[in-house]
Amino acid sequence: PAAAGAGAAEVEVDVGASDEDPAPEPEPVVERAAEGGRAPTPVPSESEPEHEALPQREDDDEDEDADVVDEERPMPHRYRVKNTFVEWDSASEVSVGRGYAKALSCQGGWTYNASRYGQGAVFSASAFAPRAQVHEVVKEIEKEFGSLPIEVDDCFFKVTDRLLDQLSFFREQAVVRQWVELFRQAPRCMFSNEGFFRALFSEVVSVVQFFKRDENIVRHCCVALGGMAEAMPALADDVCVALVDIMELLPGSLVVQDVCVTKLGRKVCWVSEMVLGLDLSQERPGALKPESQSHMLAAVRRAVARFGPDVAGSLQDDFRPGKIQENAFRVYWRLCSLPEVLEACGRDMGLVEFVLLEVFTALDIFHGPLSCCWSDTDASGIDSYLKEHHRSVLLQLAKQLSDQQHGGVHKEGLRSVVAKWIGAPMDGRSYEKRHQLERRMVLAGLFFNSGDVVTSVLFKALDRGFEALATGTDGTAFEEELITSALRALNELKCLEVLEADLVNEVLLRIRDDRFRPVMHYCHAAYVGTLGMLAASAAAVAAPPFDELTDVVHEVLQTAKYWFNKYETESIIFESLWALNKLLTAYIRFEPDLAFECRQLATQVCEDETYSSWHMDNGCTTSDGANALREAEKLLKKLQGQQLPF
């Protein structure tokens, strides 16, 4: 039965007690085995209510009618049930063969979220069932998953014993399973009950207060608190406050300061979904209150000031001062603006590179702001709503860094670090490397609110290619992967209104050089897309002469015709048609000869089997073939009514 709580109501269940069958005297309680069990349960005193033991048959063979007698005669039970977290189920049957009422733990009806048990699986657990020993539950978990994420030692048993004593109204299996789960790399909330998690959180804080002189136990609990923030993001702010309080409770402990800063940077700040002080998500279950953020930053700065690598002279062989600084910067770049982070970095270019990579990783995750394609304006519904929010986040980021010096890092010095970071080697296939390089360039342009960093990379790559052509170097003259990424990054920056107008005209002039003749199809696709984007945007400022527009449209048409009948070139046809639509929208009309050629290309795409098979797509597919068909149909509508050459 559950432990008695203060003032808890009691229910007596008297099942067939008989004066003729007095209950035997209770036997002394045997202590638990020492291998990891909880503390021994004390023998109840005479003043306390006792459970009457069941009558035991000495030998089943001595009385053949014993089963009949037991079934006809009520067996004496006297239970005192505490009503906390216990429900009464009068329809259940107990195992003695009679239809008695049965008390069930509320935890027995909670849904278990582990995928191995399937959706909606539950643990059936009677409130009267004896608790399993902790080490038995741990062995069961190890058998299920093959290994344990935590070392089961004396520290583990001390913490779990106290938790089970304080959380006696929960099943031991639930508490131990969830506790072990908190130490996994990606912990889950195994029971869909926030009240259970909050009760567990409160008791963990109490355990820290009780064992505050034991660093190992405090560290053990801090790791679990970090897991709670990830498994139940609604507790992130509470976990933040608890970890900061623990840092203030033990300010001189390197072990405690290290684990608290680590969990604040890697767990609490991660679920907050903030980057450089900006909210990536409008609905954040792990949102942190402003006062919690301030207290966290103050506590982390105190830890760095006391144990950072610059002051920990006697700890040169200890890795923890360096880890404290690294995780402190994870807190900084989450909660502080870019100028504030650069000020904290000072002249340490290694820290600047670390922050660049961390910020990029946070923004480039799946459905993150950098993962959006800003040149695609056809998104609708929820995606369009989220995309608009991400756009505002990136534009706010572009305004954070001013032209002034920050923390000893001049803008030119920072520019050199960014250029080195952009050119750092990357792993993966060709497309993956091009895509990541493109996103790095977009982030670099946003940092400086300008496209000059990207254009500098592009122009240097073109100059190296022209020099290779002049000297007769064998092999491919141009770094087409780098040029492709730079062209696409410039398109994105233009859509975000970060690329300057003078740079637009300069880029058009440089890439239309007759000596630039790319070979790879992906570079051709980026080339025609950039022509359409930048030439169309140039019309809004000062329209170029009409013969220059004719040359641009002619280049796009020639590229599409060259690649049309080649294998797997749908992406080039799509971007060519997309560029023609951009140009036609900006310049309203084409010359009759150009309009005729554009109509021919669009009609050819609509009639070709490769593209026409997507006509029932209804805009649900992002395939290049489907996109090309949609752009061809759009171009034909725009060309209706235009004068033809005959």
Side-chain angles (χ1 to χ4, degrees), residues 373 375 422-423 426 428-442 451 454-494 499 503-538 548-580 582-583 597 601 624 627-628 631:
C373 181
S375 56
I422 288 175
M426 289 170 284
R429 295 175 298 180
S430 176
Y431 171 77
E432 294 171 349
K433 291 191 289 185
R434 294 198 310 270
H435 181 73
Q436 186 177 125
L437 183 57
E438 171 195 343
R439 298 307 172 192
R440 287 191 179 193
M441 292 182 182
V442 171
V454 183
T455 54
S456 175
V457 173
L458 173 64
F459 295 161
K460 288 179 180 179
L462 290 173
D463 290 339
R464 288 193 295 269
F466 295 150
E467 183 179 354
L469 287 175
T471 57
T473 304
D474 295 335
T476 303
F478 296 98
E479 304 166 72
E480 296 192 28
E481 286 190 346
L482 178 61
I483 293 173
T484 298
S485 299
L487 291 176
R488 295 202 178 281
L490 289 172
N491 287 344
E492 297 295 285
L493 291 175
K494 182 58 187 175
L499 184 63
L503 289 178
V504 168
N505 294 325
E506 189 174 358
V507 170
L508 283 173
L509 180 64
R510 295 294 298 272
I511 65 175
R512 294 187 62 223
D513 191 307
D514 291 338
R515 295 173 295 173
F516 177 48
R517 296 180 179 275
V519 176
M520 303 304 295
H521 70 279
Y522 53 77
C523 193
H524 277 267
Y527 174 73
V528 294
T530 303
L531 284 180
M533 172 65 73
L534 300 189
S537 64
E548 185 174 338
L549 171 64
T550 302
D551 293 341
V552 170
V553 175
H554 182 71
E555 286 185 48
V556 175
L557 287 169
Q558 289 300 111
T559 302
K561 291 177 181 179
Y562 173 80
W563 290 97
F564 189 86
N565 292 319
K566 298 186 182 299
Y567 181 64
E568 290 187 350
T569 57
E570 292 88 345
S571 60
I572 301 180
I573 306 304
F574 159 56
E575 296 218 36
S576 298
L577 292 166
W578 179 85
L580 293 174
K582 280 283 185 183
L583 293 169
E597 291 187 51
L601 175 63
D624 288 328
N627 289 333
E631 292 296 328

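What you see is a predicted model; the values in this text were computed from it and never measured.
To the nearest 0.5 angstrom, T484 atom OG1 is 9.5 Å from H524 atom NE2. For the atom pair L601 CG and S576 OG, the distance stands at 7.5 Å (nearest 0.5 Å). Rounded to the nearest 0.5 angstrom, E438 CD and N491 CG are separated by 8.5 Å. Annotation: the span from L577 atom CG to N627 atom CG amounts to 10.5 Å, rounded to 0.5 Å. How far CD of E467 is from CG of L462: 13.0 Å, rounded to the nearest 0.5 Å. Atom OG of S456 and atom CG of L503 lie 10.5 Å apart (nearest 0.5 Å).
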Hey, mind stepping through M441 and L482 against side-chain contact (heavy atoms from CB on, under 4.5 Å) and telling me if it holds?
CA-CA 10 Å; M441 292 182 182; L482 178 61; 3.5 Å; yes
What do the steps show when you test T530 against L490 for side-chain contact (heavy atoms from CB on, under 4.5 Å), and what is the final call?
CA-CA 8 Å; T530 303; L490 289 172; 5.6 Å; no
Run I511 and L458 through side-chain contact (heavy atoms from CB on, under 4.5 Å) and show every step you take.
CA-CA 9 Å; I511 65 175; L458 173 64; 4.3 Å; yes
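For NE2 of H435, the number of neighbouring non-hydrogen atoms (other residues, nucleotides, ligands) closer than 6.0 Å is greater than 12.
Considering every non-hydrogen atom in both A560 and I573, the closest pair reads O-CD1, 3.5 Å. Shortest non-hydrogen contact noted between P518 and C523 is CB-SG, 3.6 Å. Summarising the geometry of D514 relative to R517, their closest heavy-atom pair is O-NE, 3.4 Å, with the distance given to 0.1 Å. Taking every heavy atom of both residues into account, D463 and R510 meet most closely at OD1-NH2, 2.5 Å. Of all the heavy atoms in G451 and L493, the pair that sits closest is CA-CD1, 4.2 Å. Nearest heavy atoms, L583 versus A536: CD2-N, 3.9 Å.
The side-chain heavy atoms of E492 and R439, taken from C-beta on, include a pair separated by under 4.5 Å. Side-chain contact between V507 and F459: present, with at least one pair of heavy atoms (C-beta onward) separated by less than 4.5 Å. With contacts defined as side-chain heavy-atom distances shorter than 4.5 Å, the pair Y527/I483 does not qualify. Taking 4.5 Å as the limit, some side-chain heavy atom of L531 sits within range of a side-chain heavy atom of R512. In this structure, E597 and K561 have side chains that are in contact, with non-hydrogen atoms separated by less than 4.5 Å. You'll find the side chain of R488 stays beyond 4.5 Å of the side chain of V442, heavy atoms only. Using a 4.5 Å cut-off on side-chain heavy atoms (C-beta onward), L580 and L557 make contact.
For the residue pair R434 and S430, a side-chain donor N or O sits within less than 3.5 Å of a side-chain acceptor on the partner. Side-chain atoms of E506 and T455 include no donor-acceptor pair closer than 3.5 Å.
Using modelled atom types, one side-chain atom of T569 and one backbone atom of W563 make a donor-acceptor pair closer than 3.5 Å. Although no hydrogens or angles enter the test, the distance criterion places a donor-acceptor pair under 3.5 Å between the side chain of E480 and the main chain of M520. In this structure, E481 contributes its side chain and K433 its backbone to no donor-acceptor pair below 3.5 Å.
Aromatic pair F478/F466: centroids less than 6.0 angstrom apart.
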